[in-house]
Every structure is written in C-alpha cells, then in structure tokens.
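Heads up: the structure comes next, in structure tokens.
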Number of protein chains: 2
Amino acid sequence: MDPTADISPWKKKKDRKKEREVKRDAVLRVAAQLFNEKGFHATSLDEVAVRLHVTKPTVYYYVKNKEEILFECVRIGIETLHAAVEKVGNSGGTALEKLKAAIREYAAISAQDFGMCVIRVGEDPLPPESRKKLRRLKRLIDQEFRSLIVQGIAEGSIGPCDPKITAFLLAGALSWIARWYRPDGQLSLEEIVERGIAVMLNGLAARPS
Amino acid sequence: MDPTADISPWKKKKDRKKEREVKRDAVLRVAAQLFNEKGFHATSLDEVAVRLHVTKPTVYYYVKNKEEILFECVRIGIETLHAAVEKVGNSGGTALEKLKAAIREYAAISAQDFGMCVIRVGEDPLPPESRKKLRRLKRLIDQEFRSLIVQGIAEGSIGPCDPKITAFLLAGALSWIARWYRPDGQLSLEEIVERGIAVMLNGLAARPS
C-alpha cells in the first residue's frame, strides 16, 4: 500500500470549502426560483429547505437570512449580466453587431434563475444600503449598453439617437423577457429574442424596401 | 327670504356621496404615492393617515385594508391607461400615427400616481383572485397595442414584425418611464417621450438617408 495514500475518512479542507460553495449556491438558486415564482415576501425559508430536502437550520448554516439571500441572488445576476455584456463589448465587429450580441446574451441570462431574479424581484425589498450597492452595479450594465450606442452612432452603424434614453428603453424592452417568458410557451427563447432584435433594430415604421 | 331656500346645516345626500368619493380618492392617491416611493410592503396605513392629517380609523372609514387600496390603485391605473389607448385607437390617421399617439398617452399616464402604481408596484403583492382580475384588465391594453400593430402592418405604415412580441417589447420599453422618470431630471417628460418614440419608430440600425 502506498504510504502517502490519504486514508482519512475526513474531507480535505479545500474539498470541504468547495462542497460548502456548491451547497450555498444550491440554497441561493432554489431561493431565486421561489422568489421568481411567488415574490420575495411570499417566500419562506421553510420552502427553500423543503425543496432542498433539508431542515431550516441547515439552510441557516449557509446564509444569514432571507435578505442576504436576495442580495446575493441579485448580485450574482447583475454580475453575470455585466460580465457577458462587457465581454461582447470587447469583441470584434461593428457596434451594432456587438449590440445585437449583447442583447442575445442579456436575454439568455435573464431567462435563468439569478438573471430573472434581478428583473422580477430586484433590489426593492432590501434595506437602503443594499439597494444602493446593487443599483451601483446595475449602472455598470447600463454604461456598457450606452457606450456601444455611442460607438455605433460615431461609426454610423447606429442611427442618430439619445444614447441614455435608448439604453433605458432597451433595458425596459429586454426586461419583458424575464417578466413574461414561459419555457412552455409556443416560441423558444431564441425565436423570441430574434424577433425582438428585428423590431429593436428595424423600428416600427416601415422601411422603404 | 326664499321659503324654498335650504337652510339645513346638514349636507344633502348627493353632496355627502360626492364628498365621500373625493375623500376616498385622496386616500387612494396618497397611498399610491407612498407605494410608488417605498414599495407596498414598506408602506403602512399610519403613513397614509399622517400625510392626509387624519387618524388611521378615518382612513379605515374609506377602505377595508392595504390590499383593497392597492387593488383599487392598480385597477384605476389600468382603466385610465386602457381608456386612453382605446380612444386613440378609435381616432383618425394611419395605425402608425395612432400608435405614436397611444405611446404619448400611455407615457403621460404612467408618470402619474395611479398609472405609475400599475408599473412600479402592480398586482404581484395581491392574493391570486385579485391578481387574476387585474391581469385580465391589463390584457385589454395589450390587445389595443397589438391590434394597432396588426392594422399598421396590413396598411403598410408599420414594417413586418411579430405583433405579439412587438406589443410586449413596447410595453416593456414604456414601463421604463414609470420606473425611472424623475420630475426633477434634466429632460421634461415630453422630451423623453419624443426621443423614445423616435428610437422605437426608427429602430437602432441606421436608416439610409
């Protein structure tokens, strides 16, 4: 027998840490699903525990309270959205092409648990200090969109418009997906997004053919 | 002295009814303002009473509870939005012109107390039965927008698009105004709306000049 083999029945520290992270993530994810379905106030940590087949004290081993959970869900959602939009912003192509790619990424993430939680629940139920922190993070996403619009106007791929208002309208239009998308609907998420992109890019007024 | 003159110090029944309506409306309106500022759960009827310089029992003389207030605020908001959009739909002009007018009306109402309450607070905090009723009313607004889009595509003033998805995106984009508009901002509501309409109509992609 290899004398250096690890025969300890206890997990190594780094494995324990990893396991803790996986379990904490599961708590947050299940909570995000419940918040998205029922709203923050109507969700109890008992329900989170039931869905995870554990007791409530086990849930409390990973998080302090419901507010910490919501803060984390929204933070992860915003950071995922921001990272995706930022990555697209640094890729190649015209600003209009990048904007299209950013819309696709944003829509896909906002149909997932944490991204959806940003839009369906958001920071409103949290105390002022937490709201402020999350709004600061949200502004980073807005800035990415705004900067793509400014670039596009400068290079001529995007028509003349007010970048600030356009970025807000775009965020509003995109939030629709997280609010109303149902995985069992007639259209796939990709079909909805492509039809939405067509309208946002072409506009409502008929273009001369 | 005119023998038919009313010298009773008591108000007539119809005047009493009118006065009650005015007061009930004030209760709802102040509550809507507080819900819009702080959220439904963070607002107490004590605060409503304080803002109206009355006692809480006086508030309860006009409404049953906080849920009834929110239901009424959202119902009035939706009905005001629907009536305005429907009226525009029945006016003259191309469907694209009507859609522009409908967007202007919708935006103006969603910057007011009850209209804003539809978007910032909405039916989510209410019990299932009330949520259902209000969602049914909301669908009427969506149908007006959708029908204008269908008309516009048929007559050629609106470019080919998916009317259902376009109506949802439009509602999402418009909801931005109620969420973020501040009366003390740099631009007036009218300026914001006109810049927003320009983007929604022209689209993001540069049009050949």
Side-chain angles (χ1 to χ4, degrees), chain A residues 38-42 94-96 99-100 103 119-122 124-125 127 148-149 152-153 155-181 186-187 191-209, chain B residues 38-42 94-96 99-100 103 119-122 124-125 127 148-149 152-153 155-181 186-187 191-209:
Chain A
K38 318 177 46 164
F40 176 72
H41 292 284
T94 66
L96 185 67
L99 195 62
K100 262 202 272 195
I103 292 172
I119 295 159
R120 284 208 191 163
V121 188
D124 280 353
L148 282 178
I149 295 167
I153 297 173
E155 75 186 17
S157 61
I158 292 178
C161 64
D162 183 317
K164 184 178 166 183
I165 288 179
T166 304
F168 277 138
L169 286 180
L170 203 59
L174 277 168
S175 76
W176 166 74
I177 294 170
R179 281 183 198 285
W180 300 105
Y181 169 66
Q186 278 188 308
L187 296 176
E191 284 170 316
I192 293 173
V193 173
E194 292 312 313
R195 291 184 190 193
I197 286 179
V199 175
M200 293 188 240
L201 262 60
N202 293 327
L204 290 162
R207 293 194 172 218
S209 55
Chain B
K38 317 175 46 161
F40 176 72
H41 293 283
T94 65
L96 184 68
L99 194 62
K100 263 202 272 194
I103 291 173
I119 295 160
R120 283 209 192 163
V121 188
D124 280 353
L148 282 178
I149 295 166
I153 297 172
E155 76 187 15
S157 60
I158 292 177
C161 64
D162 183 318
K164 184 178 167 185
I165 287 178
T166 305
F168 278 136
L169 287 181
L170 202 60
L174 277 167
S175 76
W176 165 73
I177 294 169
R179 279 181 201 285
W180 301 104
Y181 169 66
Q186 278 188 308
L187 297 176
E191 285 170 315
I192 293 173
V193 173
E194 292 313 312
R195 292 183 190 193
I197 286 179
V199 175
M200 292 188 240
L201 262 59
N202 292 327
L204 291 162
R207 294 196 171 217
S209 52

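Fair warning: this is a prediction, and the values are worked out from it, not measured in the lab. Only heavy atoms go into these numbers, but all of them, side chains included; no hydrogens, no water, no symmetry mates.
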Check your understanding: For Ile153(A), is it the side chain, the backbone, both, or neither that has a heavy atom closer than 4.5 Å to a heavy atom of chain B?
Key -> neither
Exercise for review: Output the distance between atom CG (Asp124(B)) and atom NE2 (His41(A)), rounded to the nearest 0.5 Å.
Suggested key: 11.0 Å
Check your understanding: Is it the side chain or the backbone of Asn202(B) that comes within 4.5 Å of chain A heavy atoms, both, or neither?
Key -> backbone
Check your understanding: What residue in Val199(A), Leu169(A), Ile149(A) has the most heavy-atom pairs under 4.5 Å with chain B?
Key -> Leu169(A)
Exercise for review: Please report the shortest heavy-atom distance between Ala206(A) and Gly156(B), naming the atom on each side.
Suggested key: CB-O, 3.3 Å
Revision key, fill the gap. Answer key: most heavy-atom pairs under 4.5 Å with chain A among Ile177(B), Leu96(B), Thr94(B), Leu170(B) is Leu96(B)
Exercise for review: Find the one option among Gly159(A), Gly39(A), Ser175(A) whose heavy-atom pairs under 4.5 Å with chain B are most numerous.
Suggested key: Gly159(A)
Practice item. Measure the spacing between CG of Leu204(B) and CG of Leu148(A) and express it to the nearest 0.5 Å. Key: 11.0 Å
**Study point:** CD1-CD distance between Ile165(A) and Glu191(B), expressed to the nearest 0.5 angstrom
**Key:** 8.5 Å
Check your understanding: Do the rings of Phe168(B) and Trp180(A) sit parallel, tilted or perpendicular, given the 30° and 60° boundaries?
Key -> parallel
